[in-house]
Amino acid sequence: MAYTFRMPIKVRFAPSPTGYLSLGNARTALFNWLFARHEGGEFLLRIEDTDKERSKKEYEESIIEELRWLGITWDGDLERQSERLPVYERYLKRLLGENRAYFCFCTPEELEAERQAQLSQGLQPKYSGKCGTIPRDVAEKRAKLEKHVIRFRMPSHEISFTDLIRGRVTFDLDLIGDIIIAKGFQEPLYNFAVVVDDEEMSITHVIRGEDHLSNTPRQVAMQEALGFRVPVYAHLPLILGFDRKKLSKRYLDASLKDFRAQGYLPEALLNFMALLGWHPTVDKEVVSISEMVSDFSFKKVQRGGAVFNPEKLEWLNAYYIKNLPADILAERMADFIPSAWLQEKEKLKKVLAVEKERLKHLSDFEQLASFFFTLPEYDPAFLIWRGSSKMIAADNLSFLANVVRGIPNHELWSKEAVEKYVMSVAEKRGRGEVLWPLRVALSGREASPGPIEILYILGKEESLARVETALKKLGSAR
RNA sequence: GGCCUCAUCGUCUAGCCCGGUCCAGGACAUCGCCCUUUCACGGCGGUAACAUGGGUUCGAAUCCCAUUGAGGCUACCA
């Protein structure tokens with residue numbers, strides 16, 4: 001019973017709160033969201049917290065926070081599997097009643113021994129199914145007294161399902177043993193809980209990572225046993241580390257939380273994640289959210305895994321920063337700079353306007369722009385242009401100071417005026433000879449934006465003071 | 001080991017479904033040049049790939065098969 005009629009598309013993102021939101025999971029969320037928005041369908045969020053030991057509220061909150069930060073919004077209320085226990089119990093009892101599932105009393109030790117024995121004989125490890133032969137009334141009595149799990153009686157036929165990215169995929173169920181679907185009525189396990197929830201929530205398309213491809217036949221088998229509808233699947237290629245292995249939680253910096261803390265923009269991350277596996281119809285690298293939504297299609301999703309390329313992410317981030325207006329950038333910068341800088345809003349905006357093309361991350365800004373707020377200590381030798389001398393540097397600086405001081409009051413302190421006066425001196429006395437010492441005097445740095453820009457931002461008074469400081473340094477260095 | 005999936009520049013990819021327009025296009029990275037007072041931005045250019053072997057065909061990156069390689073799964077995790 002597949003979804004054959006045209007019905008409203010419904011997808012879900014189902015993270016388990018056992019860690020922070022990873023890049024891979026975030027991309028899964030994005031693709032689900034893009035598909036839903038493209039189709040005018042619904043996108044649901046379901047927290048898969050059936051693993052009581054590993055699930056943490058802190059992770060759940062963090063995942064939600066990162067999704068909001070990315071702008072991936074879900075429809076309806078968030079669902080938690082831990083709050084749906086009675087639903088699973090109902091289906092568990094049904095399966096048990098129909099003899100499609102049974103109680104198993106084997107201990108983990110027994111199971112492990114059995115497994116090892118099979119492995120050593122070169123056999124496919126698979127549960128023997130021995131508890132499945134215990135008469136039902138006996139098993140039910142034992143279940144009241146003994147520790148047990150519930151196993152699904154796996155059929156042995158072939159199963160195939162449709163994957164929008166891979167086509168038709170076929171598995172032989174005979175190779176899979178009777179899997180454990182619950183540790184008890186109150187403790188459903190992943191494969192079972194997913195099947196129940198997807199049915200109950202009328203999920204039409206299951207879009208998830210390729211690591212779940214091998215789980216799919218188990219799930220389809222249960223859907224068949226329960227008379228559920230079989231959703232359409234789409235298994236996304238995995239995001240890999242540079243070692244070509246699945247990028248997992250052990251790479252700490254691959255969590256969205258960390259990317260955010262490092263000063264990545266959500267739009268850059270979104271753009272980057274979309275391109276990791278998907279490609280727009282027209283070949284381009286910078287794609288806006290609305291373009292992604294209107295252009296999204298599984299036909300343009302890659303099949304092979306994709307290695308995470310941090311340099312390209314950086315490039316995109318730098319690109320987005322560069323193209324953001326200074327006033328918006330100033331707001332985004334709030335968490336990354338001293339609060340004192342925020343007080344001087346106008347100055348901050350000007351600084352941002354000239355420094356933004358040098359930023360790869362928002363967090364680069366504080367270090368890069370600090371000299372605008374406090375002149376750093378620096379070596380007087382920096383003031384001397386290559387092949388020049390202290391005398392020339394000092395002479396040019398003091399001459400320049402006089403010129404700046406003399407910018408007539410009727411001319412506003414504008415960038416144009418500053419440029420006009422400074423350049424006239426620079427043209428006469430040599431660009432390097434004039435501009436280099438001035439730039440160092442104003443910034444105290446070997447590398448910085450141009451002196452005219454700095455002069456303009458710093459203002460007449462502060463600039464003159466810094467030139468005086470430079471002159472003193474040159475004098476004392478003599 | 002078994003099962004499943006995948007395979008174009010170092011990396012992300014276009015092209016593949018509907019073979020010829022591909023001695024394979026773009027982007028990141030890298031190298032060189034230009035712009036330039038420094039750093040950056042920007043501009044121009046270069047190096048660099050159809051995994052291998054068989055078919056099919058007048059013709060294959062494109063279709064088929066095999067091999068090889070890579071990844072995923074093989075939990076009382078998800």
Side-chain angles (χ1 to χ4, degrees), chain A residues 14-19 25 48-51 53-55 81 104 106-108 111-112 115 118-119 122-126 147-151 163 165-167 169-172 175-177 179-184 187 189-191 193-194 208-218 235 237-238 240 242 244-246 272 275-286 299-300 302-316 318 322 354-360 368 382 385-386 426 430-440 443 445-452:
Chain A
S16 66
T18 53
N25 280 148
E48 308 223 321
D49 55 354
T50 51
D51 186 338
E53 276 79 55
R54 297 198 306 147
S55 298
Q81 291 188 325
C104 173
C106 298
T107 65
L111 258 18
E112 185 52 30
R115 209 181 111 82
Q118 287 167 331
L119 239 27
L123 293 170
Q124 169 81 345
K126 173 181 162 182
K147 197 162 168 19
H148 61 270
V149 297
I150 299 170
R151 284 186 187 268
D163 188 291
I165 298 167
R166 283 147 227 285
V169 183
T170 305
F171 282 86
D172 186 357
L175 267 16
I176 306 169
I179 59 166
I180 299 175
I181 55 174
K183 296 201 254 183
E187 287 181 86
L189 255 24
Y190 167 72
N191 277 113
V194 167
R208 56 187 5 173
E210 200 199 327
D211 47 349
H212 285 293
L213 191 60
S214 319
N215 282 144
T216 309
R218 297 149 217 255
H235 287 95
L238 258 18
L240 314 171
F242 216 73
R244 297 211 71 93
K245 295 234 162 52
K246 190 166 105 168
F272 177 74
L275 257 34
L276 222 46
W278 173 78
H279 197 269
T281 312
V282 276
D283 194 8
K284 57 178 168 181
E285 314 298 321
V286 179
K299 289 193 93 155
K300 301 292 279 184
Q302 201 77 13
R303 275 178 289 266
V307 174
F308 166 52
N309 180 354
E311 276 140 358
K312 189 139 187 184
L313 206 212
E314 249 180 18
W315 172 78
L316 266 172
K322 243 184 327 248
V354 304
E355 288 282 13
K356 65 178 183 180
E357 68 200 30
R358 262 162 280 258
L359 304 178
K360 281 195 163 106
L368 228 42
F382 284 0
W385 175 239
R386 54 175 174 241
R431 290 185 169 212
E433 298 284 16
V434 172
L435 297 173
W436 174 269
L438 175 61
R439 199 188 54 70
V440 174
S443 68
R445 299 255 179 115
E446 284 188 283
S448 78
I452 290 160

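Here is the naming used below: chain letters follow the sequence lines, and residue numbers restart at 1 for every chain.
Residue A/Lys322 places at least one side-chain N or O under 4.0 Å from the OP1 or OP2 atom of B/G42. OP1 or OP2 of B/C77 sits under 4.0 Å from a side-chain N or O of A/Lys183. For A/Gln81 and B/A78, the shortest distance from a side-chain N or O to OP1 or OP2 is not below 4.0 Å. At B/C73, one or more side-chain N or O atoms of A/Lys246 fall inside 4.0 Å of OP1 or OP2 (strictly under the cut-off). For A/Thr50 and B/A78, the shortest distance from a side-chain N or O to OP1 or OP2 is below 4.0 Å. In this structure, A/Arg115 reaches the B/A75 phosphate: one of its side-chain N or O atoms is under 4.0 Å from OP1 or OP2. Taking 4.0 angstrom as the limit, A/Lys126 places none of its side-chain polar atoms (N or O) nearer than this to OP1 or OP2 of B/G1. Contact between the side-chain N/O atoms of A/Arg431 and the OP1/OP2 oxygens of B/U37 is found at a separation under 4.0 Å.
A donor and an acceptor atom, one from each side chain of A/Arg166 and A/His235, are nowhere located under 3.5 Å apart. In the model, A/Arg358 has no side-chain atom that pairs as donor or acceptor with a side-chain atom of A/Ser448 under 3.5 Å.
One finds the OG atom of A/Ser16 at 8.0 Å from the CG atom of A/Asp51 (value rounded to the nearest 0.5 Å).
In terms of polar N and O atoms assigned as donor or acceptor, the side chain of A/Glu357 never comes within less than 3.5 Å of the base of B/G42 in a complementary pairing. In terms of polar N and O atoms assigned as donor or acceptor, the side chain of A/Asp211 never comes within less than 3.5 Å of the base of B/A78 in a complementary pairing.
Rounded to whole Å, the C1' atom of B/C64 lies 29 Å from the corresponding atom of B/G1. Distance noted for atom C1' between B/G46 and B/U37: 29 Å (whole Å). Between B/A60 and B/C50, the two C1' atoms lie 11 Å apart (nearest whole Å).
At a threshold of 4.0 angstrom between heavy atoms, the contacts of A/Thr107 include nucleobase atoms, whether or not backbone atoms are also involved. Within 4.0 Å of A/Pro451, counting heavy atoms only, lies at least one base atom of the nucleic acid.
A/Asp211 meets the side chain to side chain contact (heavy atoms under 4.5 Å, CB included) test with A/Leu238, A/Lys246; sequence neighbours excluded. With sequence neighbours excluded, no residue satisfies salt bridge (Lys or Arg N to Asp or Glu O under 4.0 Å) with A/Lys360.
By the 30° and 60° cut-offs, the orientation of the rings of A/Phe272 relative to A/Phe308 is perpendicular.
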Polar-atom pairs under 3.5 Å, protein N or O versus N or O of nucleotides 21-27 of chain B: list them with distances, or write none.
| residue | atom | partner | partner atom | Å |
| --- | --- | --- | --- | --- |
| B/G25 | N2 | A/Asp283 | OD2 | 3.1 |
| B/A27 | O4' | A/Glu285 | OE2 | 3.0 |
| B/A27 | O2' | A/Lys312 | NZ | 3.3 |
| B/A27 | N3 | A/Lys312 | NZ | 3.2 |

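Using Watson-Crick or G-U wobble geometry with both donor-acceptor distances under 3.5 Å, B/U47 finds no partner in any strand shown.
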